[in-house]
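We use all heavy atoms of the structure for the numbers below, so side chains are in, but hydrogens, waters and symmetry mates are not.
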Amino acid sequence: MRLLRTLLYVPGNRPNMLAKAPTLGADALILDLEDSVPVPEKETARALVAEMLPQIVGEGRTVFVRVNPPSSPFCPEDIAAVVQPGLAGLCLPKVQDVDSLRAVIAWLAEAERAQGLLPLSILATVETALGILNAYAIAAADPRVVGLIFGGEDLALDAQLVRTEEATELLVARQMVALAARAAGIQPVDMVYPRLDDEAGLVKNTLAGRQMGYRAKQVIHPRQVPVVNRLLSPSDEEVAEARRILAAFAEAEREGRGAIALDGKMVDRPIVERARRLLELLEQGGGSWAQSAE
């Protein structure tokens with residue numbers, strides 16, 4: 001799966017928002033049947049999402065559906081209804097252990113066979129104390145799992161944490177999820193920032209996640225999309241510096257030197273590898289991810 005900077009949640013019971021979602025600039029859409037849909041509207045939302053999916057998917061769009069949790073009676077019916085051609089996969093909330101994940105995979109495989117589809121992807125959300133402690137096992141459980149999402153708000157509720165603006169109470173769990181995903185070779189997806197009118201807070205929260213290794217983030221409102229896309233894209237300055245490092249190191253290698261000094265700083269292989277990965281990141285975005293493009 002290509003790298004996704006922004007994953008925008010779209011309520012599955014709002015036809016106007018579903019119709020508008022593909023125009024909002026997010027790298028991926030998550031059509032939601034879980035938290036944003038009241039229980040009395042679950043069945044209506046499921047039918048609406050299933051009906052509108054073909055037009056939302058369009059040409060090459062990355063679209064997931066967040067079904068209800070594995071423990072919910074709605075989950076198997078959600079999967080049977082929304083699995084259809086063009087869907088990238090499921091966003092699965094409240095994954096606590098490998099057994100519950102495998103139960104969902106069995107339901108998903110049945111729906112895929114009915115539709116004649118190849119295996120779809122899963123974004124597994126860990127948002128309980130038990131889920132955090134099992135994060136690596138969940139991330140590495142099956143090739144379908146391509147992303148591990150950190151659910152900070154639900155974790156705070158489950159673990160009885162006192163939420164603060166700085167989110168220091170979530171620091172350990174947030175880092176654990178990023179490390180678990182990286183260890184499993186999949187994409188970590190950062191927490192939601194819930195304050196819609198606080199762009200400065202969104203910037204601070206996004207940059208903190210980027211420092212922890214997150215290059216993807218959940219967003220809950222269209223106005224958050226361009227901000228997060230910009231912050232999680234390589235900047236023009238970063239790209240230029242990476243190219244300088246690689247050029248200087250290539251010249252040093254030709255001369256038989258394993259390390260060089262650039263602008264008074266030692267440049268060895270870990271620094272070179274970071275520069276190479278940053279340019280690979282840019283290529284994944286089709287070359288359009290430098291901040292000046294936003």
(message) As an exercise, state the distance from CG of D190 to CG of L7, rounded to the nearest 0.5 Å.
(response) 11.0 Å

(request) Give, for atom OG1 of T168 and atom CZ of R163, the distance between the pair rounded to the nearest 0.5 Å. (result) 9.0 Å

(message) Using 0.5 Å steps for rounding, measure from the OG1 atom of T6 to the CG atom of L4.
(response) 8.0 Å

(request) Mark yes when over 12 heavy atoms from residues, nucleotides or ligands other than E165 sit less than 6.0 Å from its CD; otherwise mark no. (result) yes

(request) Please check if any side-chain donor atom of N205 sits under 3.5 Å from a side-chain acceptor atom of K217, or the reverse. (result) yes

(request) Please say whether more than 12 non-hydrogen atoms of neighbouring residues, nucleotides or ligands are located less than 6.0 Å from CD in Q115. (result) yes

(request) Give a yes or no on whether Q175 atom CD has more than 12 heavy-atom contacts from other residues, nucleotides or ligands under 6.0 Å away. (result) yes

(request) State whether a side-chain donor-acceptor pair under 3.5 Å links Q218 with Y9. (result) yes

(request) Using side chain to side chain donor-acceptor pair (under 3.5 Å) as the criterion, list what pairs up with R14, not counting sequence neighbours. (result) none

(request) Report yes or no: do I56 and V49 belong to one cluster of Ile/Leu/Val/Met/Phe/Trp/Tyr joined by side chain heavy-atom distances under 4.5 Å? (result) yes

(message) Pairing donors with acceptors under 3.5 angstrom, does anything connect the side chains of N68 and E34?
(response) no

(message) Could you check whether any side-chain heavy atom of I30 comes within less than 4.5 Å of a side-chain heavy atom of C91, counting everything from C-beta outward?
(response) yes

(request) Measure the CD1-CZ distance between I132 and F150 for me, rounded to the nearest 0.5 Å. (result) 5.5 Å

(request) Any chance you could measure D35, atom CG, to R66, atom CZ, to the nearest 0.5 Å? (result) 4.5 Å

(message) I need the I105 CD1 to I79 CD1 distance, nearest 0.5 Å.
(response) 10.0 Å

